[in-house]
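Input: a single structure, listed below in structure tokens.
Below, chain A is the first sequence line, B the second, and so on; all start at residue 1. Keep in mind that this is a model prediction, so the values were computed, not measured.
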Number of protein chains: 2
Amino acid sequence: MRDFSRSLPMSLLRAREAVMRQFRPSLREHGLTEQQWRILRALAAIETVEVTELARTAFLLGPSLSRILRDLEARNLIERKTAKADQRRSMVSISKEGVKLMASVAPTSEAIYAEITRRFGARKLAELQEMLGALEQSLAELGASEEASAEE
Amino acid sequence: MRDFSRSLPMSLLRAREAVMRQFRPSLREHGLTEQQWRILRALAAIETVEVTELARTAFLLGPSLSRILRDLEARNLIERKTAKADQRRSMVSISKEGVKLMASVAPTSEAIYAEITRRFGARKLAELQEMLGALEQSLAELGASEEASAEE
DNA sequence: CGCATTCACTTAACATGTTAAGTATCTCCC
DNA sequence: GGGAGATACTTAACATGTTAAGTGAATGCG
């Protein structure tokens with residue numbers, strides 16, 4: 001079997017960890033985890049979203065999101081209200097405090113991203129992202145077909 | 001701020017998830033998690049290792065590894081004995097049962113990897129891995145220098 | 001020697017990942 | 001209009017990620 005340190009999942013894991021290692025200290029100083037930051041960023045770009053849509057955007061599973069929203073709400077960083085038309089749906093939005101917190105984190109975060117881009121090269125970075133997207137595409141189809149055949 | 005769905009950490013996370021989604025069902029059938037599988041694979045390649053070295057190889061943090069080794073040992077998939085020369089060190093090796101289990105998982109795992117390679121393209125896959133390695137390199141230095149300056 | 005420091009792990013505590021089950025609401029069709 | 005099924009979450013349970021603290025064994029040095 002191929003040396004597992006060179007397997008694709010390991011390469012991806014290590015690369016991601018190398019990147020996140022840069023961001024974590026700054027986020028930590030602001031009392032945010034990586035996932036909480038993802039949620040705030042996702043919310044900053046829109047007015048309000050349903051939880052399910054937010055889960056898709058922030059790439060979190062429902063249960064994780066549910067817990068994190070509970071905590072963020074307790075910290076007054078987000079707001080929730082149930083949709084009028086459909087009582088099952090809960091509409092989430094970022095609060096003023098949330099916006100303020102984001103504003104205090106964003107500069108450092110942007111600086112780190114810029115440094116990463118500088119070191120790795122903007123062009124290479126774009127290429128890498130494109131390849132990652134293509135990989136995701138290739139496998140999306142595969143996953144879908146498997147589900148279909150296993151769904152009986 | 002850049003659309004966060006196109007941030008590097010998100011791209012890496014999604015790509016990795018797309019890949020792992022292919023493997024998880026098979027591992028699950030054999031009662032293994034992704035990390036347990038990583039450990040067995042790492043152990044299969046060598047006689048015995050110290051826990052610290054194994055953590056480095058399987059890319060797991062000490063505490064995670066500690067727990068998983070406890071469980072794998074309870075299932076008789078690995079063996080442990082403390083080193084003679086240094087009582088702090090614990091030498092880990094895969095057991096016969098562990099080897100047997102690996103043999104039963106490996107074919108499916110290899111088939112999935114082959115299918116991924118076929119879909120994405122062997123050459124592109126190699127390129128991608130190279131870029132991921134380069135990214136890791138770029139940031140390794142950065143992380144190291146930060147540590148050095150913060151170590152006082 | 002003896003004791004402070006370092007080292008190799010392990011435990012603890014809290015947050016998330018992952019799957020399954022639960023709850024309330026809505027939809028649709030008879 | 002009412003009940004079966006679908007939908008949108010939430011809760012639960014267990015495993016791992018992450019940081020900090022704990023434990024026992026080695027090391028170095030006065």
Whole angstrom value for the distance that separates [atom2] of [N] from [atom1] of [X]:
{"X": "B:R75", "N": "D:dC14", "atom1": "CZ", "atom2": "C1'", "result": "14 Å"}
{"X": "A:I68", "N": "D:dC9", "atom1": "CD1", "atom2": "P", "result": "15 Å"}
{"X": "B:L61", "N": "C:dA15", "atom1": "CG", "atom2": "C1'", "result": "14 Å"}

Can you tell me if A:R28 touches the phosphate of D:dT19, counting only side-chain N or O atoms and a distance under 4.0 Å to OP1 or OP2? no
Below 4.0 Å: OP1/OP2 of C:dG17 and any side-chain N or O of A:Q35: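 Looking at the OP1 and OP2 atoms of C:dG17, one of them is under 4.0 Å from a side-chain N or O of A:Q35.
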Could you give the side-chain donor-acceptor pairs of residues 69-78 of chain A under 3.5 Å, partners two or more places apart or in another chain?
from  : atom 1 : to    : atom 2 : distance (Å)
A:E73 : OE1    : A:R80 : NE     : 3.2
A:E73 : OE1    : A:R80 : NH2    : 2.9
A:R75 : NH1    : A:G31 : O      : 3.2
A:R75 : NH2    : A:G31 : O      : 3.0

Reading 5' to 3' through nucleotides 1-12 of chain C, protein heavy-atom contacts under 4.0 Å coded B for base, S for sugar-phosphate only, - for none: ------BSSBBB
Among residues at least two apart in sequence or on other chains, which ones pass side-chain hydrogen bond (donor to acceptor under 3.5 Å, both in side chains) with B:S64?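 With sequence neighbours excluded, B:S64 shows a side-chain hydrogen bond (donor to acceptor under 3.5 Å, both in side chains) to B:R67, given in chain and number order.
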Hits for side-chain hydrogen bond (donor to acceptor under 3.5 Å, both in side chains) against A:E130, two or more places apart or cross-chain, chain-then-number order -> none
Scan for salt bridge (charged side-chain N to carboxylate O under 4.0 Å, His left out) pairs involving residues 54-65 of chain A, sequence neighbours excluded, and state none if there are none. A:E53-A:R56
In short, salt bridge (charged side-chain N to carboxylate O under 4.0 Å, His left out) pairs touching residues 81-90 of chain B with sequence neighbours left out are B:E50-B:R89, B:D86-B:R88, B:D86-B:R89
In terms of side-chain heavy atoms of B:R38, which of D:dG17, D:dA15, D:dA26 is nearest?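 Comparing D:dG17, D:dA15, D:dA26 against the side chain of B:R38, the answer is D:dG17.
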